[in-house]
Enquirer: 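One structure is given below, represented as structure tokens, and several questions about it will come after.
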Number of protein chains: 2
Amino acid sequence: MAVRRSALQSGPSKNSGTRPGSSRGAAREQVDDAVRSGLLTGRFIPGKAVTLRGLAAELGVSPMPVREVLQRLAAENALEVKPNGRVQVPDMTPGRFQEVLKARLLLEPELAALALPRLSPKDADDLKAIDDDIDQCILSGDAESYMRLNHAFHFRIYRASASEVLLPLIDSLWLQFAPFMRTVYGRVGTVSLEDRHKEAIRAIEERNEAALRGAIIADINDGMGILGTEILTGKGKA
Amino acid sequence: MAVRRSALQSGPSKNSGTRPGSSRGAAREQVDDAVRSGLLTGRFIPGKAVTLRGLAAELGVSPMPVREVLQRLAAENALEVKPNGRVQVPDMTPGRFQEVLKARLLLEPELAALALPRLSPKDADDLKAIDDDIDQCILSGDAESYMRLNHAFHFRIYRASASEVLLPLIDSLWLQFAPFMRTVYGRVGTVSLEDRHKEAIRAIEERNEAALRGAIIADINDGMGILGTEILTGKGKA
DNA sequence: TTTCTCCAAAAGTGATCACATTTTTGAAAA
DNA sequence: TTTTCAAAAATGTGATCACTTTTGGAGAAA
């Protein structure tokens, strides 16, 4: 067996046994980061089971912290615990998709508006840099990097709000639609992608709340629009 | 001291066999129900530590299922994991309170509107019965029963929507403000409580979506209004 | 009486184990 | 080749253990 190296494993597993030099809850945090990032970049396939011992071996930890992390993510509806105990990425359904879209449209503009007064010119510059990278990824068809950067763009804005309530809710939403998004990009590619990031950046620079709300709404509609047509027009299985 | 009987423990500790599905994740579900219900009715005090072994002993299970449940609830922001690992009910802050209020006003009317077409006349009758009990509790000052019934009233409506996305989000919100609410009722009593439940029931009977949205919004504002003034006018600690 | 020190109790974390159930597989039979 | 069925491997669950850190209190010193 010998602990197969995996894309999930960020670094060498030197953390095992000898020296728990890291602080409290290090293993749990490591697993949490790995799985969250894996979900957001679409490295987990909807419908595919996520096994406890498998993940544990892949990350070089015992099944214990994995159990806790999987429970956490199940509580956020990022993972689904089936009646037999198996854990998997939930399959997307039209109903779920419509609900996620509705929730995003309600919450994200609100949080962006909350963040606007706390966004500095430096934040705007950072966002520009991220957006440039995003354009690169769209052209080159690098879906995984695109998803990571698109998440980074939105949450760079949202995190500025220092929100303790809305931000976790939106976090949960992204974890729910990201794995599905990945399968769609895998099928239709990324070249047709459009976003309203530049509108959003301009609105931030101009401190224009209405324009920022509008850009976020348009961005969500654009991004989820092609996904919606994809899933709602007789698609088979992932 | 062996397994002290507690308010958390719903029945005899010998839960084996009686409940359906008592084999798969039975202990976890038992703990989850106990803690959730405890949070919603305010039996946990904000700022008071919730110890793993303590809860486990109280519920007659090993610390293992408790760990998983506490992680779940922490992921829903119903509990807070402090840097030293201790778990407690988060203290309410003005900022958090405003955010919860905002999120409730955005999401709950939407979910009620989604539920409206699926609410039957029988549901309306059930809601009337619950509301009558609520009136009793307000008069008699039974804050704990009031909180349980008020939750039952709202979620009887919301659950009809069969929502998979919005409902868990709202669930998380209620877990966040309920323990704080309880401390407020303990201080100001329940007699001054007003709700718009009768308006909501009428709107459901008349299939009037706008009226239902309005009743939910008014109910939230009424309920959280007195709380808001309470917390925002120089209050010290819970 | 107050404050500081030190030690014992308690708590969280991660690993391992035992057990029941589920899933997979592989061989035999149709 | 397809179907059936039993053995084997794998999985989740709950309990227990060992270890480190934190908490709390008893007791001594000022």
Side-chain angles (χ1 to χ4, degrees), chain A residues 1-4 6 9 13-35 44 47-75 79-90, chain B residues 1-4 9 13-17 19-35 44 47-75 79-90:
Chain A
M1 45 166 259
V3 184
R4 183 181 85 253
S6 135
Q9 207 164 11
S13 60
K14 63 188 168 192
N15 201 0
S16 52
T18 56
R19 177 57 180 159
S22 324
S23 55
R24 196 108 186 171
R28 186 165 55 209
E29 195 171 347
Q30 172 200 356
V31 176
D32 195 81
D33 289 350
V35 179
F44 293 98
K48 191 72 174 296
V50 178
T51 70
L52 220 90
R53 287 172 166 93
L55 252 183
E58 233 168 324
L59 295 168
V61 299
S62 90
M64 190 57 47
V66 179
R67 284 168 67 167
E68 298 186 343
V69 168
L70 260 44
Q71 290 293 324
R72 284 188 79 110
L73 291 165
L79 294 174
E80 179 186 17
V81 180
K82 304 196 71 179
N84 59 1
R86 299 294 279 272
V87 174
Q88 66 173 56
V89 180
Chain B
M1 182 185 308
V3 186
R4 183 181 85 252
Q9 207 163 12
S13 51
K14 266 305 180 189
N15 200 3
S16 35
R19 296 289 301 166
S22 66
S23 55
R24 201 62 179 207
R28 185 166 54 209
E29 194 170 347
Q30 173 199 356
V31 176
D32 194 81
D33 288 349
V35 178
F44 292 98
K48 192 71 175 296
V50 178
T51 70
L52 218 103
R53 287 171 164 93
L55 251 183
E58 233 167 325
L59 295 168
V61 297
S62 90
M64 190 56 49
V66 179
R67 283 168 68 166
E68 298 186 343
V69 168
L70 260 44
Q71 290 294 323
R72 282 189 81 110
L73 290 165
L79 293 173
E80 178 186 17
V81 180
K82 304 198 71 180
N84 58 2
R86 299 294 280 272
V87 174
Q88 66 173 56
V89 180

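Chain identifiers are assigned alphabetically (A, B, ...) following the order of the sequence lines, protein sequences preceding nucleic acid strands; residue numbering begins at 1 within each chain.
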Enquirer: Please tell me if the side chains of A/Glu29 and A/Arg24 come closer than 4.5 Å, counting only heavy atoms from C-beta onward.
Expert: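 They are not in side-chain contact.
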Enquirer: Among all residues two or more places apart in sequence or in another chain, which pass the side-chain contact (heavy atoms from CB on, under 4.5 Å) test with B/Asn84?
Expert: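 Partners of B/Asn84 under the side-chain contact (heavy atoms from CB on, under 4.5 Å) test: B/Lys82, B/Arg86.
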Enquirer: List the atom pairs, with distances to 0.1 Å, where a side-chain N or O of residues 49-57 of chain A and a protein N or O form a donor-acceptor pair under 3.5 Å, not counting sequence neighbours.
Expert:
residue	atom	partner	partner atom	Å
A/Thr51	OG1	A/Gly54	N	3.2

Enquirer: Summarise how protein sits on nucleotides 5-14 of chain D as a single string, 5' to 3': B when a protein heavy atom is under 4.0 Å from the base, S for sugar-phosphate-only contact, - for no contact.
Expert: ------BBBB
Enquirer: Hey, could you give me each pair passing salt bridge (Lys or Arg N to Asp or Glu O under 4.0 Å) that has a residue in residues 63-72 of chain A? Not counting sequence neighbours.
Expert: A/Arg28-A/Glu68, A/Arg67-B/Glu68, A/Glu68-B/Arg67
Enquirer: Check side-chain contact (heavy atoms from CB on, under 4.5 Å) between B/Glu80 and all other residues, then give those that pass, not counting sequence neighbours.
Expert: B/Gln88, B/Pro90
